Amino acid sequence: MSSGAAEAYISHFDVQRVRADFPLLSTRINQHPLVYFDNAATTQKPLSVIECLRHYYAEDNANIHRGVHTLSQRATSAFERAREIVRQFLGAKEGAEIIFTRGTTEAINLVAQSYARTQLKAGDEILIGEAEHHANIVPWQILGSQIGTILKVVPVNDAGEITPSALAAALTNRTRLCAFGHVSNALGSINPVAEIVRLARSVGAKVLVDGAQAVAHAPVDVQSLDCDFYAFSGHKLFGPTGIGVLYGKRELLEEMPPYQGGGDMIKTVSFSGTEYADLPHKFEAGTPHIAGAIGLGAAIQYLDGLDRRGALRHEDALLAYATEQARGVSGLRIIGTARDKAAVLSFLIDGTHPQDLGVLLDNQGVAIRTGHHCAMPVMQRFGIPGTARASFAFYNTREEIDYFFTALEKARQMLA
Ligand code: PMP
């Protein structure tokens, strides 16, 4: 979107009303009003989510699925209602395709250890992008050391984009799985997921999408994307930490063995053998993060109650405005200049270390992230140890961006 068109939208989205829903946004840090630009690491929580967690523990707390008593039934139905909310949010066909996990990391490990470990063999190729988060690199390296699969990397161009031609060049008839981030946390690039799925299908490969950075920004429909697996984390979607989701197509999940064994994932157990529970419980061994799942449901309901289109445009406008401002700062280099980007401004300033900038910004109330952002290989690709990263959510404002650049200039002068 052009910055002019994007700016026009700023005034239509009532950001002040939305900010009032997030208690922590009105706090002060080091005697300054908080400017929270670390949304790619985790998002703040609206009151409705905080209240939902309080309500669950104060009124409904019990273990799920096993109890006949009233509280257990209440907790179970709230937990399963959360699954249905997630199903609708992702556009999945059925609740059986929604597995609650601890987060994106566990969801990807589940696919690696359950699906890939049993369906792939030595010499089969797994394709990932060069800008992936470690959560979408290391599980495939572990798998390779276990069964001999080969991890191939599709390079990004200088803008930080995966192009369909680079992907096509890396595909072979040994490619069995393509695992790509929907949005890069380090660069903000939005990957062409529909194109990735189309190309993967041309060699019969399955597709896993790491949606950790995508779900908070744009609606996702797994059926229209036609991906096989989609993973995300609750805490990056205004929900609690320790809860996440793996979506998988039923026919694949049915074939897959359990990831972990224990209570709640079985029909019967005897010393001569065990019959596993039906989906999705087969993949949910042990007591889950019940409050987390319910809180995630509340976060999605909160988003559903927002003008999501307006929120998205507002975020686009913030990114366009921040990018424009950044281009005017001498010695500032933006890392990640993809045409399609979401809410992330990663940068370096000549003569300063990102960590020093981070500390001096924090002194002025501004929270950004500095370092390699759990994406060391793409830092190596750009020949840098890390970046400073400002990442936005719909509750951020243009005034905060102005304050950020003023604070950045002060920090830079202090470091000169
Ligand atoms: N993938 C991406 C793109 C991420 O940004 C993150 C979190 N920074 C993860 C995976 C891992 O998410 P979690 O730590 O919530 O499991």
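The first residue of the sequence shown is numbered 1, and numbering continues consecutively from there. Whatever order the structure lists them in is the order used to number ligands and atoms, beginning at 1. Just so we're clear, the structure is a prediction, and the values are computed from it rather than from any experiment.
Side chains of F238 and Q44 form no contact here, defined as non-hydrogen atoms less than 4.5 Å apart.
At a cut-off of 3.5 Å, with distance as the only test, a side-chain donor of Y302 or D21 sits close to an acceptor on the other residue.
Residue pairs meeting the salt bridge (charged side-chain N to carboxylate O under 4.0 Å, His left out) criterion with at least one partner in residues 216-227, sequence neighbours excluded, are R201-D226, D226-K249. Residue pairs meeting the salt bridge (charged side-chain N to carboxylate O under 4.0 Å, His left out) criterion with at least one member in residues 135-152, sequence neighbours excluded, are E125-K152.
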Please tabulate, for the side chains in residues 334-343, all donor-acceptor contacts under 3.5 angstrom to protein atoms that are two or more places apart in sequence or on a different chain.
residue : atom : partner : partner atom : Å
K341    : NZ   : G336    : O            : 2.8
K341    : NZ   : V344    : O            : 3.1

Check each N or O atom of ligand 1 against all protein N or O atoms and list the pairs under 3.5 Å, with atom names and distances to 0.1 Å, one per line.
residue  : atom   : partner : partner atom : Å
ligand 1 : 1 (N)  : D210    : OD1          : 3.3
ligand 1 : 1 (N)  : D210    : OD2          : 2.5
ligand 1 : 5 (O)  : Q213    : NE2          : 2.7
ligand 1 : 8 (N)  : H133    : NE2          : 3.3
ligand 1 : 8 (N)  : K236    : NZ           : 2.7
ligand 1 : 15 (O) : S233    : OG           : 2.7
ligand 1 : 15 (O) : H235    : NE2          : 2.7
ligand 1 : 16 (O) : T104    : N            : 3.4
ligand 1 : 16 (O) : T105    : N            : 2.9
ligand 1 : 16 (O) : T105    : OG1          : 2.6

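Enclosure of atom CD in E251 by more than 12 non-hydrogen atoms of other residues, nucleotides or ligands within 6.0 angstrom is indicated.
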